[in-house]
Amino acid sequence: MANPEEPRVRLPQLRLDELLEELQGRINAARGTRDRVHSLLEAVLSIGRELDLEQALHAIVESAAALVDAEYAALGVIGPDGSSLSAFHTVGVTGEQIAEIGRYPQGHGILGEVIRHPRPLRLEKISQHPVSYGFPPHHPPINSFLGVPIRIRDQVFGNLYLTEKRGGLAFDEEDEAVLSTLAVAAGVAIENARLYEDVRLRERRLLANERRLLANAEITHSLMSGSERTEALKLIAERARELMQSALAAVEMPVAGGGSLAVEIAVGLDAEAHRSLVLPLSGTLMGLAFSAAAPVASADVQHDERISPEPARFQRLGPALAVPIGTGEGDVRGVVLVAREAERPVFSGKETEMLQGFAAQAAIAMELAERRKDAEQIAVLQDRDRIARDLHDLAIQRISATGMTLQSAGRLIEHPEAAERVLRAVDDLDETIKIIRSAIFGLRARPGGLEDSLRARIVRVVGEETPALGFAPGVRMEGLVDTDVPREVADHVVAVLSEALANIARHAQADRVQVVLTAGGHEVTSTVTDNGVGIPSDGRRSGLRNMAERAEQLGGHLDVSRPDGGGATLRWRVPLPVT
């Protein structure tokens, strides 16, 4: 028989089990809350330690995804217009998926809703919101959504976007509270990273200005101490390359009377391909900078129409910047060009300003050095005038007086041989006076201008033949062209080049001509290469015969060959006098 007291014993026992289960659940919830708070604190400390802005933004997105257990997370940075996204940092999406989806969101739909109304937005199903209009192709499926704004002081910096809570669950109020707390810490971390970046930027600018001042001081000292012009230009190119952290630096100077720029110095990557090139002022990067007296930049010199394709010299380079060497329009002395390797960032506005300041200081140093040389030359000319005046007023007068005395005394000498010797002495004194007068003329003569130099004459000839050719030939001049080549040889060089270009214009049907003039190794060589139809075997040879005769007259010779690519190559070579 059953005991009637048994049910009374079981009911309290069941109630106790329920209480214990409820207590265990609350303990587990408390542990979960404790763990989540710990995770939140760790996330706050983690993002607070990041001082690099890009790394801080990425750490914020990763922490947000981990805290609310979201499959996808993103941080959108609001652009200057306040209505669109200027940057988008993602977590959970692979690079391949990003490439398939296409460009990042611009801030429309649900993302734009958080931008327009900067407050937390939590959705169980994103497609049910009125402003939702779907996703682009290849975008992963998304249902749940949680968006929270990130503020820096009173300004909205961007928004955190979390989607697809794992396990198919929806984001709850606790997720929203945790994410809002993280957003506050993120705002502080972002502001700290910005301040740190500003400090680093100021330090870099101070260091850059210090390097620029040191470089300008070095250039000024070099020029004022009497260094050669080539050494000073090389120093400018080297310091410009260091300041701009570029792979190549070149200095172009104007060719007197030629309307062109000559690459005087090039240092760095493929520098040999740039040295001694002569470039027109119109249609080139350096020419535009020189003519406009303003910086000219190129994002990619390999594909820039302002860069002549021949000769190829920019294959491994990308961004470039050309800055005039001068203090303003009408005072441009040359151009400094810097270029970075391909895939490197373009030159910023601050970098352009720094290079402009460097080039302006270099121009002032060049101006001071030229004024110093002018003063020295004036002093030399004045001294030469004094010497010439003294020779004329003192030496010649005394020699003339001595000659007249001897001539008078000769009439009193009865011995024929002695009289003859006196007359010879008088004649010698007359010759001495002529020599002194010739020396006086030489002392008072002024040196000719640069417009009459061989380099300038070559550029003029090329410019004169350009209309007949229909294009501008490439020109390169190497060696001490103006120093080592005497006037009589220079006249032949100019005549031969003019004849060669005229023949190409009339007969070759070419669209590319390269002129190379080299002085060195005790000889001068003029090489003209075209890509035309070549020299026919039965054609007239009067022009070639004239060139060959000029070479033979000077002890040289003319070679004519046909390159593998077609056309013709004329190499006119004569020896230089040994000094």
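Since we're looking at a predicted model, the values are computed, not measured. Both backbone and side-chain heavy atoms feed into the values below; hydrogens, waters and symmetry mates do not.
Within the model, atoms OG1 of Thr284 and CZ of Phe290 stand 11.0 Å from one another, a figure rounded to the nearest 0.5 Å. From Leu261, atom CG reaches atom CG of Leu281 across 5.0 Å, with rounding to the nearest 0.5 Å. Atoms CZ and CG, from Arg116 and Leu111 in turn, are 10.0 Å apart once rounded to the nearest 0.5 Å. Once rounded to the nearest 0.5 Å, the distance linking CE of Met286 with CG of Leu279 reads 4.5 Å. Here the straight-line distance linking atom CZ of Arg239 with atom CZ of Phe358 works out to 8.5 Å at 0.5 Å rounding. Within the model, atoms CG of Leu85 and CG of Asn159 stand 7.5 Å from one another, a figure rounded to the nearest 0.5 Å.
With no hydrogens or angles considered, a side-chain donor-acceptor pair links Glu62 and His58 at under 3.5 Å.
Taking the side chain as every heavy atom from C-beta outward, Leu75 and Ile150 approach each other to under 4.5 Å. Phe145 has its side chain within reach of Leu121: a pair of non-hydrogen atoms, C-beta onward, lies under 4.5 Å apart. Under the 4.5 Å side-chain criterion, counting only non-hydrogen atoms from C-beta, Pro473 is not in contact with Gln514. A 4.5 Å side-chain heavy-atom check between Pro295 and Gln356 finds at least one atom pair inside the cut-off. The side-chain heavy atoms of Met477 and Ile458, taken from C-beta on, include a pair separated by under 4.5 Å. A 4.5 Å side-chain heavy-atom check between Asp304 and Asp300 finds every atom pair outside the cut-off. Residues Val251 and Ile325 have side chains in contact (heavy-atom distance under 4.5 Å, counting atoms from C-beta outward). Using a 4.5 Å cut-off on side-chain heavy atoms (C-beta onward), Val475 and Leu277 make no contact.
Minimum interatomic distance between Leu243 and Met354 (heavy atoms only, all atoms of both residues): O-CE, 3.7 Å. Looking at every heavy atom in both residues, Ala249 comes nearest to Ala237 through CB-O, 3.2 Å. Here the closest heavy-atom approach between residue Arg512 and residue Asn531 is recorded as N-OD1, 3.1 Å. Of all the heavy atoms in Ala297 and Leu321, the pair that sits closest is CB-CD1, 4.0 Å. When all heavy atoms of Ser260 and Val278 are compared, the pair lying nearest together is CB-CG1, 3.7 Å. When every heavy atom of Met253 is checked against every heavy atom of Glu264, the shortest pair comes out as CG-CG, 3.4 Å.
The pair Glu351-Arg340 counts as a salt bridge, with a side-chain nitrogen and a carboxylate oxygen less than 4.0 angstrom apart. With salt bridges taken as basic N to acidic carboxylate O contacts below 4.0 Å, none links Asp69 and Lys165. Glu238 has no carboxylate O lying under 4.0 Å from a charged side-chain N of Arg241, or vice versa, which leaves the two without a salt bridge.
Between Tyr161 and His89, a ring centre-to-centre spacing not shorter than 6.0 Å is recorded.
Residue Gln155 qualifies as open at atom CD: its count of foreign heavy atoms under 6.0 Å is 12 or below. In this structure, Glu124 places its CD atom where only 12 or fewer heavy-atom neighbours from other residues, nucleotides or ligands lie under 6.0 Å away.
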- Task: Would you please test Leu517 and Glu478 for side chain to side chain contact (heavy atoms under 4.5 Å, CB included) and show each step?
- Result: CA-CA 6 Å; Leu517 181 65; Glu478 301 175 354; over 6 Å; no

- From CA spacing to verdict: side chain to side chain contact (heavy atoms under 4.5 Å, CB included), Val513, Phe471: CA-CA 9 Å; Val513 174; Phe471 58 89; 3.6 Å; yes

- Query: Checking side chain to side chain contact (heavy atoms under 4.5 Å, CB included) for the pair Met244/Phe347: CA distance, chi angles, key distance, verdict?
  - Reply: CA-CA 8 Å; Met244 295 293 102; Phe347 292 95; 3.9 Å; yes

- Using the side chain to side chain contact (heavy atoms under 4.5 Å, CB included) rule, take Val301 and Ser298 through it: C-alpha gap first, then chi angles, then the decisive distance, then the call. CA-CA 6 Å; Val301 287; Ser298 174; 3.9 Å; yes

- Task: Output, in order, the C-alpha distance, side-chain angles, deciding distance and verdict of salt bridge (Lys or Arg N to Asp or Glu O under 4.0 Å) for Asp270 and Arg316.
- Result: CA-CA 9 Å; Asp270 296 334; Arg316 294 185 286 173; 2.8 Å; yes

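At distances below 3.5 Å, not a single donor-acceptor pair connects side-chain atoms of Arg344 with backbone N or O atoms of Ser246. For Thr466 (side chain) and Val462 (main-chain N/O), a donor-acceptor pair under 3.5 Å exists by modelled atom type.
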